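The structure appears below as structure tokens.
Atoms within a ligand are numbered from 1 in the order they appear, just like the ligands themselves. Note that the coordinates shown come from a computational prediction; the quantities given were computed from them, not determined experimentally.
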Amino acid sequence: MIKILKVATIAAGLAAAGAIHADEWKYVMEEGLTDPQGLYATKFKEEIEKNSDHTIKIYPVGSLGESADAMEQTQAGLLQFIDQSPGFTGAMIPEAEAFLVPYVQPTDPQEVRAYFKEGKAVNEMFHEIYREHGLELLAVFPEGEQVVTTKEPFRTPEELEGMKIRTMTSPLLLKTYESFGASPIALPWGELIGALKTNMVDGQENPTIWIEAYGLDDLAPILTYTGHAQYTTAVMANSDFYDGLSDEDKQLIQNAASAAQDYILDLVVEMDEMGLNKIKETNPNAVINRLTEEEQAVFIKRAKAVEEAFIEKAGARGKAIIEQMKKDLEAARS
Ligand code: 6CS
């Protein structure tokens with residue numbers, strides 16, 4: 001009897017200290033540990049583990065299947081956290097495709113920081129929408145300017161004609177490249193390198209840090225800056241898991257997400273430049289083209305149809321988001 005009481009007293013003591021509630025939370029992402037999503041996840045993990053007894057296990061790209069598989073597992077509650085980009089989430093959440101509408105985001109690094117850190121659209125308009133899909137949205141951050149890499153150069157929609165451009169699987173990306181004059185093909189990440197090697201596709205879009213890390217510039221060495229978008233990604237928790245947490249743990253997660261977002265917003269600006277410099281240094285075949293304002297104007301005109309298609313699908317909420325994004329873009333510029 002005395003022994004049982006002793007065990008109960010120790011257990012109560014541990015519970016009071018919080019040790020007995022130490023959980024391991026699973027976090028899946030679409031990238032490796034040294035890529036932007038990995039750096040964010042590592043900082044998030046450090047913050048959680050520094051400020052609680054909980055631990056985070058990170059599952060990098062490929063370890064739990066493609067992006068769509070990881071999302072299924074998160075929504076089913078098998079995983080607690082996921083980093084998934086709107087380029088994939090948009091296939092499930094039409095409003096998330098707002099991040100893919102061309103020419104509503106800045107390209108200048110300081111403007112990018114302000115747009116993502118202070119912008120009302122990014123920070124206030126998506127929470128409720130993701131909630132409807134069982135996801136607690138924790139952070140949205142950029143990974144650098146989208147750069148189109150192709151095997152042949154282009155500066156006009158006419159020159160893009162016939163080029164098969166791989167996009168992520170959100171349907172609005174297909175609409176974008178159709179409007180730009182190309183022949184888009186949506187593929188998951190795991191199929192892109194093979195598709196470039198076998199000429200199933202002639203090009204793709206991604207930020208320079210990713211292009212360099214995965215050798216995409218070796219397979220399609222003409223890099224064209226069209227100025228149309230940032231690569232954007234989002235970190236979420238399963239909402240049932242989140243709702244079941246104590247207020248203290250919810251605050252712990254929000255604080256960790258916010259600290260990791262500040263950290264990554266500073267880093268990605270440098271990484272975007274670093275990616276480009278590495279490509280210039282290591283790939284003698286790489287050609288870097290930035291469209292002039294005049295050349296961009298042709299693509300901006302064509303992007304109107306993409307914006308209309310987005311609003312048609314995402315409705316009044318989508319329209320409000322795009323209007324706010326344009327205001328945030330103006331504010332970031334000033
Ligand atoms: O193009 C893609 O599919 C990948 N691009 C980046 C920058 N991150 C992960 C994603 O799967």
message: Which residues pass the salt bridge (Lys or Arg N to Asp or Glu O under 4.0 Å) test with Lys313, not counting sequence neighbours?
response: Glu97
field: Asn255 and Gln251: side chain donor to acceptor below 3.5 Å
entry: yes
message: Test of understanding: with salt bridge (Lys or Arg N to Asp or Glu O under 4.0 Å), list the residues that count as partners of Glu159, not counting sequence neighbours.
response: none
message: For a quick check under 3.5 Å, do Tyr40 and Asp35 share a side-chain donor-acceptor pair by atom type?
response: no
message: If the condition is salt bridge (Lys or Arg N to Asp or Glu O under 4.0 Å), which residues does Glu30 pass it with, not counting sequence neighbours?
response: none
Pick out the protein N or O atoms lying less than 3.5 Å from any N or O of ligand 1, and list each pair with its distance.
{"residue": "ligand 1", "atom": "1 (O)", "partner": "Arg166", "partner atom": "NH1", "Å": "2.8"}
{"residue": "ligand 1", "atom": "1 (O)", "partner": "Asn206", "partner atom": "OD1", "Å": "3.4"}
{"residue": "ligand 1", "atom": "1 (O)", "partner": "Asn206", "partner atom": "ND2", "Å": "2.9"}
{"residue": "ligand 1", "atom": "3 (O)", "partner": "Arg166", "partner atom": "NH1", "Å": "3.4"}
{"residue": "ligand 1", "atom": "3 (O)", "partner": "Arg166", "partner atom": "NH2", "Å": "2.9"}
{"residue": "ligand 1", "atom": "5 (N)", "partner": "Asn206", "partner atom": "OD1", "Å": "2.9"}
{"residue": "ligand 1", "atom": "8 (N)", "partner": "Glu31", "partner atom": "OE2", "Å": "2.7"}
{"residue": "ligand 1", "atom": "8 (N)", "partner": "Tyr231", "partner atom": "OH", "Å": "3.3"}

message: Counting only heavy atoms not in Glu294 (residues, nucleotides, ligands), do more than 12 fall under 6.0 Å from its CD?
response: no
